[in-house]
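Convention: sequence-line order gives letters A, B, ...; per-chain numbering from 1. Fair warning: this is a prediction, and the values are worked out from it, not measured in the lab.
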Amino acid sequence: MTDIDKPINFIQQIINADLESGRVTDVVTRFPPEPNGYLHIGHAKSICLNFGLASQYNGQCNLRFDDTNPEKEDQAFVDAIIKDVRWLGYDWQGEPCYASNYFDQLYLWAVTLIKENRAYVCELDAQQMREFRGTLTEAGVNSPFRDRPAEESLALLEKMRIGLADEGSMTLRAKIDMASANINLRDPVLYRIKKMAHQRTGDKWNIYPSYDFAHGQEDAIEGVTHSICTLEFAANRPLYEWFTANLPLPSIPRQYEFGRLKLNYTITSKRKLKQLVDEKHVSGWDDPRMPTISGLRRRGVSARSIRNFCDSLAVAKTDGIVDVAQFEHFVRDDLNISAKRAMCVLKPLLVTLTNFSGQEQVKIEAKNHPNRDDMGSRVINFSEQFYIDQADFSEDTSLSRKKFKRLVIGDYVRLRSAFIVRADDVVKNAAGDIVEVIASLVPNTVGQDAPEGIKARGVIHWVDAVSAVDCAVNIYDRLFNQADPDQGDQHFLEHLNPDSLKVVTGCKAEAILEGSIAGDHYQFEREGYFTRDTSDAASPVFNCTIGLRDNWKA
RNA sequence: UGGGGCGUGGCCAAGCGGUUAAGGCAACGGGUUUUGAUCCCGUCAUCGGAGGUUCGAUCCCUCCCGCCCCAGCCA
C-alpha cells in the first residue's frame with residue numbers, strides 16, 4: 001500500500017479539522033523523552049509519529065527533554081537520545097529543548113497560582129497525603145493547609161526554593177477538588193523538594209516541578225499545537241487542561257493520546273531495560289539483544305526498516321500487542337533490498353579438489369546483489385581448496401534430491417557464483433569425524449548451465465581457503481522465551497532465554513569482509529543478514545541481524 | 001468498587017447507516033529462481049454478547065461481558 005491510499009489516523013483527522021477551522025495555522029509537535037534511559041523501539045513509534053506529522057504538514061517537531069527529576073536523569077542519556085533520534089533520520093531546529101530551560105517561568109506561574117488562591121503549600125507528609133487522597137471509590141479529605149493565606153504559601157514556597165525546608169516536609173499543591181472522581185484532580189503536587197543538583201541547572205534549584213505542572217506549560221511555551229502522548233496519560237488530560245485554563249499561557253496546546261507500541265517476546269519498559277543493564281543480564285544498553293535503538297543499530301537493523309515498521313503501525317486508541325514477526329518482516333524487507341551479498345561459512349568443512357588444473361588461482365566474479373545490477377560485483381579467489389558448511393554435506397547417498405539440496409557423495413552441487421562440483425570421497429579423523437571432502441569440479445560451469453547429464457542438487461555457499469578471513473559470528477535469539485515477559489512484573493527475569501546469544505568462532509569469511517565496518521549491512525548468502533560488531537578488535541566479529549526466512553520443512 | 005479508555009480473522013488493523021467487511025504480518029497451497037532467500041499467483045472473517053431504532057447496523061441507542069489505565073512528593 002502506498003502512502004497515498006494509507007488511511008489517515010485519528011490524529012491526522014483532528015489536525016485536518018483544526019487546520020480547516022482555523023484553530024491552528026501551523027502544526028507543532030514534540031517528542032519529549034525523559035533522559036533517564038535509552039530510547040527503545042516503543043519510542044521509535046512516537047518519534048516517527050511526531051516528526052512524521054510535522055513533516056507531512058510542513059510544521060515543526062521539537063526534541064524536548066522532560067528533565068524535571070534530577071534523581072533519575074543523566075547527561076549521558078541526553079547524549080544517547082540525541083544520537084539515536086538523529087540516527088533514525090530526524091532532525092529539529094536549533095538546540096534541543098529542555099524542560100529545565102523553563103524552570104524560572106514555571107516558578108513564576110506557581111506564584112501566580114498561589115496569588116490567585118489556586119495553589120497552596122501543604123505540609124502533609126507523603127504518608128498523610130496518601131491517606132487524605134481517598135481511594136477510587138471514596139472522596140479525599142481536604143488538607144488542613146488548604147486554606148492558609150496566600151502570603152503564607154508564598155513565603156513557604158520561597159523557603160522551599162532556597163533550600164530552607166527539608167525534603168518531604170512540604171509540597172506545593174494545586175487547589176482543585178479533593179472529591180473529584182478523577183484522582184489526578186485531587187489537589188495534585190506541583191512542586192516537590194529535591195535538594196539535588198540538576199545536570200543542567202546545577203544547584204540552582206532545591207525544588208523541581210512535577211510532570212503535570214511542567215508538561216503542558218512546556219508545550220505552551222514552545223507553541224506546540226498537538227501534544228501527543230500515550231494512553232496512560234489520558235486521565236491526566238483534565239489536569240493538563242486545568243493549567244491551560246488557569247495560567248496566562250502564550251498558547252493553548254491540546255493533548256491527544258494513542259496506544260503505545262508493545263511487541264511480544266519483548267520488554268519496552270525503561271525501568272526493566274535498565275534493570276537488565278544494571279544487573280548485567282546483557283552487556284549494556286546497546287547489547288544487540290536489546291530492543292533499544294542503540295541495540296538494534298548494533299545488531300544491524302537499519303534505521304529505514306525501523307521507520308517502515310513504525311509507519312505500518314496503527315495510530316489508534318487500542319492497546320494491542322504486535323507480533324515481533326511483523327517487525328522482523330520489515331527488517332528483512334529493507335535489508336533484502338539494500339544489503340550486499342557476501343559469503344561466510346560458519347562451520348567450515350574443507351573441500352579439496354583433485355582436478356583443479358590451474359596453476360594460478362581462478363578469479364570468480366560474483367554479483368553483489370542478485371536483482372540489482374547497480375550494486376556491482378566483486379572478484380573472489382577460487383583455488384584448489386575451499387570451505388563449505390558442515391551442514392551442507394552428507395555421506396548419506398540415500399537422501400532424496402528434493403529433501404537434501406546440498407552436497408552428497410557421488411552427486412553434484414553448484415557453488416554459489418562458481419563451479420559445479422562433485423563429492424568423491426571423505427577423509428575422517430581417528431574419532432570418525434569427517435574432516436575433509438575430496439571432490440572434483442565440472443569444468444566450464446561458472447556462469448554456465450550444467451552440461452548434459454549433470455544436475456546439481458542445489459546451490460551452496462563456499463569460501464576460498466587461500467583468501468579466507470577468520471572471524472567469529474554472534475547468533476542471537478529472542479531475549480525472552482515467553483510471549484509476554486512483562487506479565488507478572490517481578491518475574492520477567494525468569495523468562496530470560498538462556499540461549500539468546502550463541503558465539504560461533506572459527507568461521508571463514510570471504511576476503512572482502514575483512515574491510516567491512518560496523519553499520520555496513522551484508523547478507524551472508526543462505527544464512528542471513530549480518531553487520532560488523534562495534535567492539536571487535538583483532539579478527540572480525542559479525543552480528544547476525546536476522547536469519548533468512550526458512551520455509552522448508554526438514 | 002468511582003472515573004477514563006478499548007473490544008473487527010492467529011497478530012496489527014481499515015471501516016464514520018446501504019461495501020463482494022480494505023491492507024499488512026503469520027499460516028497454508030502453487031509457479032519462477034545459480035540464495036530451500038527474493039519475486040509472483042492463490043486460499044484464509046460477518047464484526048465481544050443480548051436486545052432495540054431503522055426499509056437497511058460493524059457503524060446509532062440500551063444493558064451485559066471482557067481487557068487496559070488512574071489512589072508516586074515517577075514520567
Note: contacts of residues 158-173 of chain A with RNA chain B (heavy atom, under 4.0 Å) are A/G168, A/T171
What parts of residues 449-457 of chain A reach RNA chain B, counting only heavy atoms under 4.0 Å away?
-> none
All pairs passing side chain to side chain donor-acceptor pair (under 3.5 Å) where residues 313-330 of chain A contributes a residue, at least two apart = A/E257-A/K317
Has the side chain of A/R130 got a donor or acceptor that lies under 3.5 Å from a partner of the other kind on the base of B/G72?
-> no
Please name all residues satisfying salt bridge (charged side-chain N to carboxylate O under 4.0 Å, His left out) with A/E241, sequence neighbours left out, ordered by chain then number.
-> none
When you get a sec, tell me which of [options] is the closest nucleotide to the side chain of [X]?
X	options	answer
A/V459	B/G36, B/C70, B/A75	B/G36
A/Q13	B/G36, B/G15, B/G72	B/G15
A/T135	B/G2, B/G36, B/A71	B/A71

Please set out all donor-acceptor pairs under 3.5 angstrom arising from side-chain atoms of residues 443-450 of chain A, sequence neighbours excluded.
unit_1, atom_1, unit_2, atom_2, d
A/T445, OG1, A/I420, N, 3.0
A/T445, OG1, A/V442, O, 2.6

Taking [M] as the reference, what is the distance to [N] when you measure between their [atom1] atoms (whole Å, please)?
N	M	atom1	answer
B/U8	B/A13	P	8 Å
B/U20	B/A57	P	15 Å
B/U53	B/C70	C1'	36 Å
B/G2	B/U46	P	36 Å
B/A21	B/U58	C1'	8 Å

Which pairs, protein N/O on one side and nucleotides 37-46 of chain B N/O on the other, fall under 3.5 Å?
unit_1, atom_1, unit_2, atom_2, d
B/U38, O2', A/N336, ND2, 2.8

All N/O pairs under 3.5 Å across the protein-nucleotides 11-14 of chain B interface:
unit_1, atom_1, unit_2, atom_2, d
B/C11, O3', A/I321, O, 3.3
B/C11, O2', A/I321, O, 3.1
B/C11, O2', A/D323, N, 3.4
B/C12, OP1, A/I321, N, 3.3
B/A13, OP1, A/T318, OG1, 2.9

Salt bridge (Lys or Arg N to Asp or Glu O under 4.0 Å) contacts in which one or both residues fall within residues 332-345 of chain A, not counting sequence neighbours | A/R304-A/D334
Tell me the salt bridge (Lys or Arg N to Asp or Glu O under 4.0 Å) pairs involving residues 368-382 of chain A, sequence neighbours left out?
-> A/K367-A/D373, A/R372-A/D374, A/R378-A/E510
5′-ward residue of the pair A/F327/A/Q448 relative to RNA chain B = A/F327
What is the ring orientation for A/F492 with A/F480, classed by angle as parallel under 30°, tilted 30 to 60°, or perpendicular over 60°?
-> tilted
Which of parallel (below 30°), tilted (30 to 60°) and perpendicular (above 60°) describes A/W285 and A/Y38?
-> parallel
Spacing of A/C229 atom SG and A/N50 atom CG [to the nearest 0.5 Å] | 10.0 Å
Can you tell me the distance, in whole Å, between the CZ atom of A/F10 and the C1' atom of B/G5?
-> 11 Å
Secondary-structure notation, RNA chain B, from Watson-Crick and G-U pairs under 3.5 angstrom (| other strand) | .(((((((.[[[..)..(....]]].(((((.......)))))....[[[[[..)....]]]]])))))).....
In chain order, what residues pass the side chain to side chain donor-acceptor pair (under 3.5 Å) check against A/K363, with sequence neighbours excluded?
-> A/N381
Qualifying ring pair (Phe, Tyr, Trp, His ring centres under 6.0 Å) pairs, either residue in residues 307-327 of chain A, two or more places apart = A/F309-A/F327
Taking only side-chain nitrogens and oxygens of A/T68, does any of them come within less than 4.0 Å of OP1 or OP2 of B/A75?
-> yes
Is there a donor in the side chain of A/Y98 and an acceptor in the side chain of A/E218, or the other way round, less than 3.5 Å apart?
-> no
